[in-house]
**Student:** 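What follows is a structure written as structure tokens; I'll ask about it next.
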Amino acid sequence: MPEIIPPEYWQRRTTLALARNLLGKFLVRANGEARMITEVEAYDGESDLASHARAGRTRRTAVMYGPGGTWYVYLCYGVHEMLNLVVGPKDWPAAVLIRGVEGCHGPGRVTRALGIDRQLNGTKSHPAFGLWLEDRGVKVPRRLVHATPRIGVDYAGPVWAKKPWRFYFDPAELPAAARKRAATANSSRPARRAKRAAGS
DNA sequence: TACTCGATCGGA
DNA sequence: CCGATCGAGTAA
């Protein structure tokens with residue numbers, strides 16, 4: 001039932017729709033850890049003054065110009081690794097920042113919790129690289145998805161700083177069936193690992 | 001090469 | 001409210 005989402009899925013338009021689609025999907029690591037995405041932020045095109053791509057194509061932003069389904073990981077404030085998924089077709093610089101997963105809020109905390117760093121920058125969302133996305137059957141109803149301005153982008157000026165491109169939802173508000181699916185998906189693999197570890 | 005400033009977080 | 005901590009981008 002868990003379905004690995006191929007990188008190509010993220011290569012279409014539009015950035016905002018793909019950002020919302022990311023909610024309820026699972027970030028999965030090679031060690032079996034899986035976390036449901038609950039909060040994201042979209043960065044779309046060079047005209048978006050909050051985006052790193054506002055500076056155009058540079059060594060740092062080159063990955064954003066690549067095809068969707070690629071990880072963009074960078075160091076923020078010299079301290080925090082930030083995980084983004086590049087979205088959209090090749091040559092359109094856009095990315096979605098993973099700001100939160102179930103039980104873990106804050107982009108810097110998400111990467112720390114999952115052991116993600118810049119080594120993954122430029123790799124695809126695919127098991128071959130140790131970090132990928134799965135659809136585990138959790139559908140997030142539209143009415144549960146909230147949109148607000150993005151966090152920490154005042155430098156972008158009033159127009160772009162106010163774009164309501166941060167999306168999040170509360171897993172506790174999911175319908176019972178979806179909540180159960182999310183809980184099962186979250187616990188199954190780690191539980192098996194825990195048992196193995198305890199037995200050995 | 002020098003300088004500025006972060007898509008943040010935790011502690012005072 | 002402030003310091004940490006370092007690399008990208010820009011100007012020189």
Side-chain angles (χ1 to χ4, degrees), chain A residues 7 10-11 13-27 29 33 35-89 91-125 131-133 140 145-170:
Chain A
W10 309 104
Q11 291 172 12
R13 296 272 228 144
T14 63
T15 299
L16 296 190
L18 291 175
R20 284 185 290 253
N21 282 354
L22 223 28
L23 295 176
K25 301 301 187 294
F26 282 75
L27 263 181
R29 293 239 63 184
E33 200 161 347
R35 303 283 211 122
M36 184 169 68
I37 296 170
T38 58
E39 181 183 348
V40 299
E41 250 173 28
Y43 292 84
D44 192 35
E46 293 180 348
S47 60
D48 177 2
L49 297 185
S51 173
H52 291 162
R54 66 186 180 278
R57 199 169 203 137
T58 65
R59 189 163 62 231
R60 181 204 205 180
T61 62
V63 62
M64 293 183 75
Y65 289 77
T70 305
W71 299 118
Y72 169 38
V73 188
Y74 69 93
L75 186 65
C76 187
Y77 292 98
V79 179
H80 308 287
E81 308 282 342
M82 306 290 268
L83 174 67
N84 296 252
L85 180 69
V86 174
V87 297
D91 293 328
W92 179 261
V96 179
L97 171 66
I98 311 298
R99 290 195 61 89
V101 295
E102 189 166 17
C104 181
H105 301 289
R109 293 174 187 155
V110 168
T111 54
R112 188 155 49 84
L114 290 171
I116 292 164
D117 62 29
R118 285 162 289 171
Q119 289 187 351
L120 285 165
N121 186 47
T123 66
K124 296 280 191 184
S125 168
L131 178 67
W132 66 96
L133 292 159
V140 182
V145 178
H146 303 272
T148 78
R150 293 169 290 184
I151 306 297
V153 295
D154 288 345
Y155 59 80
V159 173
W160 293 97
K162 286 177 183 167
K163 297 281 184 188
W165 289 357
R166 166 178 173 248
F167 305 102
Y168 68 94
F169 77 102
D170 181 357

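Letters A, B, ... are given to chains in the order of the sequence lines, protein chains preceding strands, and every chain is numbered from 1. All values below come from the heavy atoms of this structure, side chains included, with hydrogens, waters and symmetry mates left out. Not measured: the values here are computed from a predicted model.
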**Student:** Planes under 30° and centres closer than 5.5 Å, is that true for A:Tyr43 with the base of B:dA7?
**Tutor:**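 Whether judged by distance or by angle, A:Tyr43 passes, so it stacks on the base of B:dA7.
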**Student:** So if I take every side-chain heavy atom of A:Arg112 and compare against B:dA7, B:dC9, C:dG9, which nucleotide ends up nearest?
**Tutor:**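 For A:Arg112, the side-chain atoms sit closest to B:dC9.
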**Student:** Identify which nucleotide among C:dC6, C:dT10, B:dA7 has an atom closest to any side-chain atom of A:Ala55, counting heavy atoms from C-beta outward.
**Tutor:**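 Selected nucleotide: C:dT10.
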**Student:** Identify the nucleotide, in any strand shown, that forms a Watson-Crick or G-U wobble pair with C:dT5, with both distances under 3.5 Å; if there is none, say none.
**Tutor:**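 Pairing partner, where one exists within any strand: none, as none qualifies.
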**Student:** Calculate the interatomic distance between A:Arg59 atom CZ and C:dG9 atom P; express it in whole Å.
**Tutor:**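 About 8 Å, once rounded to whole Å.
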**Student:** Between A:Trp165 and A:Leu16, is the side chain to side chain contact (heavy atoms under 4.5 Å, CB included) condition met? List the steps.
**Tutor:** CA-CA 7 Å; A:Trp165 289 357; A:Leu16 296 190; 3.5 Å; yes
**Student:** I need the OH-P distance between A:Tyr155 and C:dG9, as an integer number of Å.
**Tutor:**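 Taking atom P of C:dG9 as the reference, OH of A:Tyr155 is at 12 Å.
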**Student:** Is a salt bridge present between A:Glu41 and A:Arg99, judged by a nitrogen-to-oxygen distance below 4.0 Å?
**Tutor:**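 Salt bridge flag = yes for A:Arg99 with A:Glu41.
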**Student:** Using whole Å, report how far NZ of A:Lys163 lies from P of B:dA7.
**Tutor:**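 The distance from NZ of A:Lys163 to P of B:dA7 comes to 19 Å, rounded to the nearest Å.
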**Student:** Looking at every heavy atom in both A:Ile37 and A:Leu133, which two are closest together, and how far apart are they?
**Tutor:**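 The answer is CD1-CD2, 3.8 Å.
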**Student:** Quick one, A:Ile98 with A:Leu22, criterion side chain to side chain contact (heavy atoms under 4.5 Å, CB included). Give me CA distance, side-chain angles, the key distance, then yes/no.
**Tutor:** CA-CA 9 Å; A:Ile98 311 298; A:Leu22 223 28; 4.0 Å; yes
**Student:** Show your reasoning for whether side chain to side chain contact (heavy atoms under 4.5 Å, CB included) applies to A:Leu131 and A:Leu83.
**Tutor:** CA-CA 11 Å; A:Leu131 178 67; A:Leu83 174 67; 4.1 Å; yes
**Student:** Quick one: salt bridge (Lys or Arg N to Asp or Glu O under 4.0 Å) partners of A:Glu81, sequence neighbours excluded?
**Tutor:**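 Listed in chain order: A:Arg118.
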**Student:** Rounded to whole Å, please give me the gap between CG in A:Asn121 and P in C:dC6.
**Tutor:**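 Distance check: A:Asn121 CG to C:dC6 P gives 18 Å.
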**Student:** Heavy atoms from C-beta onward define the side chain here; which of B:dA7, C:dA8, B:dG10 lies closest to that of A:Arg109?
**Tutor:**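 Between B:dA7, C:dA8, B:dG10, the one nearest the side chain of A:Arg109 would be B:dG10.
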**Student:** Rounded to whole Å, how long is the line connecting atom CD1 of A:Ile98 with atom P of B:dA7?
**Tutor:**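 Whole-Å distance recorded here is 17 Å.
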**Student:** Out of C:dG9, B:dG6, C:dG7, which nucleotide sits closest to the side chain of A:Thr58?
**Tutor:**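 Given the options C:dG9, B:dG6, C:dG7, the side chain of A:Thr58 is closest to C:dG9.
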**Student:** Suppose you measure atom P in B:dA2 against the same atom in C:dT5; what distance do you get, rounded to whole Å?
**Tutor:**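 Pairwise P distance, B:dA2 against C:dT5, rounds to 22 Å.
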**Student:** Atom CH2 of A:Trp165 to atom P of B:dA7: distance rounded to whole Å?
**Tutor:**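 One finds 16 Å between P of B:dA7 and CH2 of A:Trp165, rounded.
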**Student:** Write down the distance between CD1 (A:Ile151) and P (B:dC9), rounded to a whole number of angstrom.
**Tutor:**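 Spelled out: CD1 on A:Ile151 to P on B:dC9 is 10 Å.
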**Student:** Among the nucleotides B:dG6, B:dA7, C:dC6, which one has an atom lying closest to any side-chain atom of A:Tyr74?
**Tutor:**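 Between B:dG6, B:dA7, C:dC6, the one nearest the side chain of A:Tyr74 would be B:dA7.
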**Student:** Just call it for A:Val153: base, sugar-phosphate, or nothing, with non-hydrogen atoms closer than 4.0 Å on any strand.
**Tutor:**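 A:Val153: backbone/sugar contact only, no base atoms under 4.0 Å.
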**Student:** Is the base of B:dA7 touched by the side chain of A:His52 through a donor-acceptor pair closer than 3.5 angstrom?
**Tutor:**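 Counting by modelled atom types and ignoring angles, a donor-acceptor contact under 3.5 Å is found here.
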**Student:** Select base, sugar-phosphate, or nothing to describe what A:Arg166 touches, counting heavy atoms under 4.0 Å on all strands.
**Tutor:**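 It contacts nothing in the nucleic acid.
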**Student:** To the nearest Å, give me how far apart CG (A:Leu49) and C1' (C:dG9) are.
**Tutor:**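 Computing the A:Leu49:CG to C:dG9:C1' distance gives 15 Å.
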**Student:** With rounding to the closest Å, how many angstrom separate the C1' atoms on C:dG7 and B:dG10?
**Tutor:**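 Going atom to atom, C1' in each nucleotide, I get 22 Å.
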**Student:** What is the nucleic acid contact for A:Arg150, judged by heavy atoms within less than 4.0 Å: base, sugar-phosphate only, or nothing?
**Tutor:**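 Nothing, no nucleic acid heavy atom in range.
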